[in-house]
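As structure tokens, the structure follows; a few thoughts come after it.
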Amino acid sequence: VQNIAFLVALGRQTGIDCEWQTEGALQVLGTAEDRKAAQDYVRRARQIGMPVEYWESPQIERAIGTAAYEAAFFDPSCGQVHPMKLVSAWKTAADVAGAAVYENTVVQHVEEGQTHVLSTSGGHTVRARSLVLATNAFTPDLGFLRNAILPVQEFVAITAPLSAEDLARTGWRQPVP
């Protein structure tokens with residue numbers, strides 16, 4: 001929750017509208033095993049201050065118009081952001097802070113240390129005290145975090161924004177969850 005607030009503030013500070021939509025995210029569950037795991041997750045999440053809610057079938061049906069799911073958990077702090085605008089906000093903040101940003105530079109090797117040394121495909125060397133690996137889920141391809149990150153691909157359908165009338169026809173009560 002604090003990270004989301006920080007990123008929203010970053011957009012405001014840089015003057016870049018990152019198109020935040022914090023309407024929450026609903027994870028639906030179809031089995032009794034999933035239900036138990038979700039109840040445990042929600043309990044642990046709430047213990048550390050996350051505003052996650054556990055939903056039973058009637059609440060899910062009121063929210064999305066189907067009784068097909070046994071249970072769900074809802075995180076009201078989740079949402080959507082325009083990824084390129086968020087990257088632009090980070091770039092602007094880095095520029096303001098005086099950071100050197102080497103865009104579109106292929107890094108072939110990273111030597112970690114108190115000062116990191118990066119070797120580029122153009123034969124240049126970059127030395128940096130801090131390093132951001134902005135590689136999405138492909139950081140293990142560079143030899144980092146091999147046992148901590150697993151690339152996962154997900155395919156979703158996206159439509160043009162729905163009018164209130166079209167949204168009502170879907171049975172959903174709001175665009176998200």
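All heavy atoms count here, side chains included; hydrogens, waters and symmetry mates do not.
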Note to self: Looking at Arg43, I'd like to know if its CZ atom is crowded, meaning that more than 12 non-hydrogen atoms belonging to other residues, nucleotides or ligands lie closer than 6.0 Å.
What the structure shows: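 For Arg43, atom CZ is crowded (more than 12 foreign heavy atoms under 6.0 Å).
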
Note to self: For Gln47, is the CD atom crowded, meaning more than 12 foreign heavy atoms sit under 6.0 Å from it?
What the structure shows: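 Yes - once you tally the heavy atoms of other residues, nucleotides and ligands closer than 6.0 Å, there are more than 12.
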
Might you point out which heavy atoms bring [X] and [Y] nearest each other, and give the distance in Å?
| X | Y | result |
| --- | --- | --- |
| Glu61 | Ala67 | OE1-CB, 3.5 Å |
| Ala25 | Cys78 | CB-CB, 3.6 Å |
| Arg46 | Val52 | NH1-O, 2.8 Å |
| Glu19 | Asp17 | N-OD1, 2.9 Å |
| Pro76 | Glu53 | CG-OE2, 4.4 Å |
| Cys18 | Lys85 | SG-O, 3.6 Å |

Margin query: Quick check on the hydrophobic clustering: are Val101 and Val96 connected, directly or via other members, by side-chain heavy-atom contacts under 4.5 Å?
Written below: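 Cluster IDs for Val101 and Val96 differ.
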
Next item on the list: Determine whether Met84 and Leu86 fall in the same hydrophobic cluster, where Ile, Leu, Val, Met, Phe, Trp and Tyr are linked whenever their side-chain heavy atoms lie under 4.5 Å apart.
Entry: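 No, no single cluster joins them.
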
Notebook entry, point to check: So do Met50 and Tyr41 actually touch side chain to side chain, heavy atoms under 4.5 Å?
Noted result: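 Yes - at least one pair of side-chain heavy atoms lies under 4.5 Å apart.
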
Margin query: So Val81 and Leu7, do their side chains get closer than 4.5 Å, heavy atoms only?
Written below: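 Heavy-atom side-chain distance check fails, nothing below 4.5 Å.
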
Margin query: Could you check whether any side-chain N or O of Thr92 sits under 3.5 Å from a backbone N or O of Trp90, counting only pairs where one atom can act as donor and the other as acceptor?
Written below: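 A pair under 3.5 Å: no.
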
Notebook entry, point to check: Does Ser57 use its side chain to pair, donor to acceptor, with the backbone of Tyr69 at less than 3.5 Å?
Noted result: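 Looks like yes, one N/O pair under 3.5 Å.
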
Separation between [atom1] of [X] and [atom2] of [Y], rounded to the nearest 0.5 Å:
| X | Y | atom1 | atom2 | result |
| --- | --- | --- | --- | --- |
| Glu103 | Lys91 | CD | NZ | 5.0 Å |
| Thr22 | Asp75 | OG1 | CG | 10.0 Å |
| Leu29 | Tyr54 | CG | OH | 7.0 Å |
| Ser88 | Ile16 | OG | CD1 | 5.0 Å |
| Lys36 | Asp34 | NZ | CG | 12.5 Å |
| Gln114 | Arg129 | CD | CZ | 10.0 Å |

Next item on the list: Identify the residue among Leu118, Val117, Val110 that makes a side chain to side chain contact (heavy atoms under 4.5 Å, CB included) with Val126.
Entry: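 It is Leu118, the one option of Leu118, Val117, Val110 that forms the side chain to side chain contact (heavy atoms under 4.5 Å, CB included) with Val126.
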
Next item on the list: Test side chain to side chain contact (heavy atoms under 4.5 Å, CB included) on Val107 and Tyr102 and set out the steps.
Entry: CA-CA 10 Å; Val107 174; Tyr102 299 90; over 6 Å; no

Checklist line | Salt-bridge present (Asp40, Arg44; N to O < 4.0 Å) | finding: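 Between Arg44 and Asp40 there is no salt bridge, as every charged N stays at least 4.0 Å from the carboxylate O atoms.
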
